[in-house]
Amino acid sequence: MFDVLTVVLPVFIVLAFGYAAVWGKVIQDAHIDGLMKFAQTFAIPCLLFRAISTLDLKTSLDVPLLFSFYAGVVAAFGVGLFGARFLFGRSWEDSVAISFCCLFSNTLLLGLPITERAYGADGLIGNYAIIAFHAPFGYMIGITAMELARAQGTPLQNLPAKVGKAMFSNAIVLGIGLGFVVNLTGTTLPAVFTDAVDIIGRAALPAALFGLGGVLFRYRPEGDMRVIAFVCLISLGLHPLVVYVLGTSGNLSTDALRSGLVTAAVAPGANAYIFANMYGTAKRVAASSVLFGTALSIITTTLWITLLP
């Protein structure tokens, strides 16, 4: 157990540094906003662009892994949506935002560094395959559901354009898309350009982890504890359980099973709050779910890493 904690805890210590920096007023909210803007608009898209543009798609896109993980995503969204609506009596718009928290694991800021520390850089192929589709798939479900919830009087034929515009205004989705374009066309980029992109990409994880710590201080938990506990149960419990059942029955490789489970067992990501903020609904639940889920991820990831081969 101690060995596993030495793998997991450094990630959360970086988060704690960001939290403490804002709590101690060493860094102001505006600085955190700038850091997260840099991470999410430049550094993370650069990291994903380079990872996907150089990915061997023939060997990396493990269909059983993707099926196992995204079946869990759909299950978490469905249970979260109807649970929020019928168990807690939330509006359909609130329910969509809450269910988005359930489906959107922090694959990048938690899943990626924890998997790397546990199993090494060579164990990240499955993570990159999952991440490649995570933002497009998650936002497609969330935005489509939200637009349907808000579609009173809106012609259905206008929905695809609204969904597409919202998705492709996201820098992470654009970075992933450009990575696929370079990969599938076999384009060779100049070394000076890729070196520059790599420099920016290397800043992505530490900057985003530190910044996320500051964001978590800003949105400290307030009320709605039953709903927050429900989100954490679905995100940290149901999702990895579905991945485990489907992955073991589908004979996933050890590396693929590790990537899928560790990625599914982490907290809702900052995108959960970004989505709620984008639509101005269930923001407190989203922010608090990220905070509590991030803390609980220490337990869930530690348990899965201990149990996995």
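Residues take their numbers from the sequence shown, with the count starting at 1. Quick note: numbers below take in every heavy atom, side chains included, and nothing from hydrogens, waters or symmetry partners.
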>> Before you tell me yes or no, could you show the steps for Asp255 and Asp122 under side-chain contact (heavy atoms from CB on, under 4.5 Å), namely the whole-Å CA-CA distance, both residues' side-chain angles and the distance that decides it to 0.1 Å?
In response: CA-CA 9 Å; Asp255 284 344; Asp122 292 339; over 6 Å; no
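- Separating the OG1 atom in Thr107 from the CD1 atom in Ile130 is a distance of 8.0 Å, to the nearest 0.5 Å.
- Put simply, the side chain of His134 reaches to within 4.5 Å of the side chain of Phe104, judged on heavy atoms.
- Following chains of ILVMFWY side-chain contacts shorter than 4.5 Å, one cannot reach Phe210 starting from Ile199, and the two form parts of different hydrophobic clusters.
- Checked by atom type and distance alone, the side chain of Ser235 never pairs as donor or acceptor with a backbone atom of Val231 at under 3.5 Å.
- No donor-acceptor pair closer than 3.5 Å links the side chain of His239 to the backbone N or O of Thr263.
- Under a hydrophobic clustering in which Ile, Leu, Val, Met, Phe, Trp and Tyr are joined whenever their side-chain heavy atoms come within less than 4.5 Å, directly or via other members, Tyr244 and Val63 fall into different clusters.
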> Does the side-chain contact (heavy atoms from CB on, under 4.5 Å) test come out yes or no for Thr54 and Asn183, once each step is laid out?
Replying inline: CA-CA 6 Å; Thr54 58; Asn183 191 312; over 6 Å; no
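- Remark: Phe230 pairs with Phe88 by the ring pair (Phe, Tyr, Trp, His ring centres under 6.0 Å) rule, at least two apart or across chains.
- Asn106 CG to Asn271 CG: the interatomic distance, rounded to the nearest 0.5 Å, is 8.0 Å.
- Proximity of a side-chain donor or acceptor of Ser259 to a complementary backbone N or O of Gly123 within less than 3.5 Å is detected.
- Residues satisfying the side-chain hydrogen bond (donor to acceptor under 3.5 Å, both in side chains) test with Thr185, not counting sequence neighbours, are Thr187.
- Between Leu103 and the choices Ile141, Leu81, Val74, the side-chain contact (heavy atoms from CB on, under 4.5 Å) rule is met once, by Ile141.
- Residues satisfying the side-chain contact (heavy atoms from CB on, under 4.5 Å) criterion with Phe133, sequence neighbours excluded, are Leu61, Leu66, Tyr70, Phe180.
- In this structure, the side chain of Ser99 engages the main chain of Val96 through a donor-acceptor pair within 3.5 Å.
- For Glu93, the side-chain contact (heavy atoms from CB on, under 4.5 Å) partners are Ser91, Met146, Ala149, Arg150, Thr281, not counting sequence neighbours.
- Grouping the Ile, Leu, Val, Met, Phe, Trp and Tyr side chains by contacts below 4.5 angstrom, directly or via other members, places Ile172 apart from Val181.
- Using modelled atom types, no side-chain atom of Thr294 and backbone atom of Ala267 make a donor-acceptor pair closer than 3.5 Å.
- Applying the side chain to side chain donor-acceptor pair (under 3.5 Å) test to residues at least two apart or on different chains, none of the pairs has a partner in residues 21-30.
- Shown here are the ring pair (Phe, Tyr, Trp, His ring centres under 6.0 Å) partners of Phe67, two or more places apart in sequence or in another chain: there are none.
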> So Phe275 and Cys101, side-chain contact (heavy atoms from CB on, under 4.5 Å) or not? Walk me through it.
Replying inline: CA-CA 9 Å; Phe275 182 85; Cys101 296; over 6 Å; no
>> Show, in sequence, the C-alpha distance, side-chain angles and deciding distance for Leu112 and Ile131, and conclude whether the side-chain contact (heavy atoms from CB on, under 4.5 Å) test is met.
In response: CA-CA 9 Å; Leu112 193 65; Ile131 290 169; 4.1 Å; yes
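- Looking only at distances, no side-chain donor or acceptor of Arg90 sits under 3.5 Å from a matching main-chain atom of Arg85.
- Hydrophobic clustering (side-chain heavy atoms under 4.5 Å, transitive across Ile, Leu, Val, Met, Phe, Trp, Tyr) keeps Leu233 apart from Val285.
- Between the side chain of Asp224 and the backbone N or O of Val227, no donor-acceptor pair lies under 3.5 Å.
- A donor-acceptor contact under 3.5 angstrom links the side chains of Thr115 and Asn127, judged on distance only.
- In the hydrophobic clustering (ILVMFWY side chains linked at under 4.5 Å, chained through shared members), Leu189 is joined by Phe49, Leu178, Val182, Phe193, Val197.
- Residues passing the side-chain contact (heavy atoms from CB on, under 4.5 Å) test with Ser249: none are found, sequence neighbours excluded.
- A search for ring pair (Phe, Tyr, Trp, His ring centres under 6.0 Å) contacts involving Tyr273 returns Tyr219, not counting sequence neighbours.
- Among residues two or more places apart in sequence or in another chain, the side-chain contact (heavy atoms from CB on, under 4.5 Å) test is passed with Phe38 by Phe42, Ala43, Ile200, Ala203, Ala207.
- Applying the side chain to side chain donor-acceptor pair (under 3.5 Å) test to residues at least two apart or on different chains, the pairs with a partner in residues 190-202 are Arg50-Asp198.
- Partners of Phe77 by ring pair (Phe, Tyr, Trp, His ring centres under 6.0 Å), not counting sequence neighbours: none found.
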